[in-house]
There are 2 protein chains.
Amino acid sequence: MNYPNNIIKKKYQQVAHGNRGMTLEKAINNSNQYYIDNNRALIYKKPTPIGIVDVTYTTKHKIIDKAYFKCPSTLDYNGLYQGKYLEFEAKETKSKSAFPLSNIHPHQINHIRRVIEHQGYAFLIIKINLEHYLLWGPDFINYLEAHDRKSLPYQFIKEQGHIIKEKYQPALDYLTVIDEIIKKGE
Amino acid sequence: MNYPNNIIKKKYQQVAHGNRGMTLEKAINNSNQYYIDNNRALIYKKPTPIGIVDVTYTTKHKIIDKAYFKCPSTLDYNGLYQGKYLEFEAKETKSKSAFPLSNIHPHQINHIRRVIEHQGYAFLIIKINLEHYLLWGPDFINYLEAHDRKSLPYQFIKEQGHIIKEKYQPALDYLTVIDEIIKKGE
């Protein structure tokens, strides 16, 4: 089919605009699915860890009747990119001036240290002031060790973080940011 | 404290014997915890994926009132070893002659192919005839492609799999098997 250019453009913009209404989790799941479909990486959201209290067995199924959410000690997403292990957490804040560290559990911070130590890629994706930043694990840990703070100032995120471009697909192209970080580090 | 040698030996044997009664899942969780504690690798069991139907919000907690188990499309365990991504499934069979492939979902077999393609380490740990074998992903896939079968014969597992030694700790030292496989492949 042939559409006049302005119609294609309009459609594209509608969809592209649509991304802005996506929750951060949806935008990342969309991107991960895009990466899987295009054979670029295998990255998944881990299921939420739960503690099961009661289960009913029917002839065909096992149904959970009572359960509770457990506190996570690792990060939300992990996967495989070009043979390397990566793991990250994605969080957004409504604050315009800083990202509160209460968003990341102390166990998770410790886990980030260990992933780095074992030569994996650990990082955060932070949505603040409607922008998305990838904060590289070592930069995050170095900041924590140098400053005794309960939040990351927006200025720090802006300077040390890497802005993630919003696209039609993938909604958040964070792997391209990682490519650039690795290229610089070589 | 000083204990006579025979008492220490007796204690050790009791615990070592204890491993035999462990379920496969416990033996692997024990090994993964040992690897984490000894800073050798970061490997975790993924939480079981569930679909949540009903949730109650109390002032302090969020309690799941109804949920069901989802069919997994990836493998049970994944993690980081020396910068590399690894993922595996652990299953046991009571059959003495073969490992039924109904233990592994078609989605999971496809996932194993993709992990290999993206340069990760994918494998199975199979308990059969009270022995534990590590079956390397490419060997498993090659077998599937060459044979139209619904099970893996014990003879094949014995010949192509790598026996995992049972120890006091880690209960199943599968990383040592991986070291050997990688060394041979170099």
Side-chain angles (χ1 to χ4, degrees), chain A residues 32-33 35-58 60-87 107 110-122 175 182, chain B residues 32-33 35-58 60-87 107 110-122 175 182:
Chain A
N32 290 344
Q33 192 57 53
Y35 291 143
I36 292 169
D37 294 344
N38 289 274
N39 223 16
R40 187 148 171 223
L42 298 175
I43 302 158
Y44 293 86
K45 185 174 193 300
K46 291 182 208 165
T48 312
I50 61 158
I52 294 169
V53 182
D54 271 332
V55 172
T56 303
Y57 293 86
T58 70
K60 274 197 166 177
H61 299 288
K62 218 167 109 183
I63 295 162
I64 301 161
D65 285 321
K66 193 167 217 121
Y68 58 91
F69 293 98
K70 282 186 184 170
C71 177
S73 57
T74 63
L75 311 186
D76 264 0
Y77 300 86
N78 77 355
L80 169 60
Y81 180 48
Q82 298 178 341
K84 295 285 276 181
Y85 178 90
L86 59 78
E87 182 161 348
H107 274 122
N110 199 26
H111 187 70
I112 292 172
R113 285 196 177 92
R114 302 189 94 164
V115 171
I116 296 167
E117 200 185 332
H118 287 271
Q119 305 158 57
Y121 300 153
L175 284 182
I182 291 161
Chain B
N32 289 344
Q33 193 56 53
Y35 290 143
I36 292 169
D37 293 343
N38 289 273
N39 222 16
R40 188 150 170 219
L42 298 176
I43 302 157
Y44 293 85
K45 185 174 194 300
K46 290 182 209 166
T48 312
I50 60 158
I52 294 170
V53 182
D54 270 331
V55 171
T56 305
Y57 293 86
T58 70
K60 273 197 167 177
H61 299 289
K62 217 166 109 182
I63 294 162
I64 301 161
D65 285 322
K66 194 167 215 119
Y68 58 93
F69 294 98
K70 282 186 183 170
C71 178
S73 57
T74 62
L75 311 185
D76 264 359
Y77 299 87
N78 77 355
L80 169 61
Y81 181 49
Q82 299 179 341
K84 295 286 277 182
Y85 178 90
L86 58 79
E87 183 161 347
H107 275 123
N110 200 25
H111 186 71
I112 291 172
R113 284 196 176 92
R114 303 189 93 165
V115 171
I116 296 167
E117 199 184 333
H118 287 271
Q119 306 157 56
Y121 300 152
L175 284 182
I182 291 161

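Everything quoted here is computed from the prediction, not taken from an experiment. Atom set for the values below is all heavy atoms of this structure, side chains included, hydrogens, waters and symmetry mates excluded.
- Atom CZ in R114(A) sits 6.0 Å away from atom CG in L42(B) (nearest 0.5 Å).
- With a 4.5 angstrom heavy-atom cutoff, T56(A) does not touch chain B via any of its atoms.
- Neither the backbone nor the side chain of L86(A) has a heavy atom closer than 4.5 Å to any heavy atom of chain B.
- Note on V55(A), D54(A), N78(A): by heavy-atom pairs under 4.5 Å with chain B, the leading option is N78(A).
- Contact of V115(A) with chain B is made through backbone and side chain together, with heavy-atom distances under 4.5 Å.
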Check the pair E87(A), Y85(A) against side-chain hydrogen bond (donor to acceptor under 3.5 Å, both in side chains), reporting the backbone distance first and the verdict last. CA-CA 7 Å; E87(A) 182 161 348; Y85(A) 178 90; 2.4 Å; yes

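- Between Y44(A) and H111(B), the ring center distance clears the sub-6.0 Å criterion.
- The backbone N or O of V53(A) lies less than 3.5 Å from no partner atom in the side chain of Y68(A), so there is not a single donor-acceptor pair.
- Note: H118(B) NE2 to L80(A) CG = 6.5 Å, rounded to the nearest 0.5 Å.
- For chain B, the nearby parts of N39(A) are the backbone and the side chain; heavy atoms of each come within less than 4.5 Å.
- Interface remark: of the candidates R40(B), E117(B), K62(B), K66(B), K62(B) forms the most heavy-atom pairs closer than 4.5 Å to chain A.
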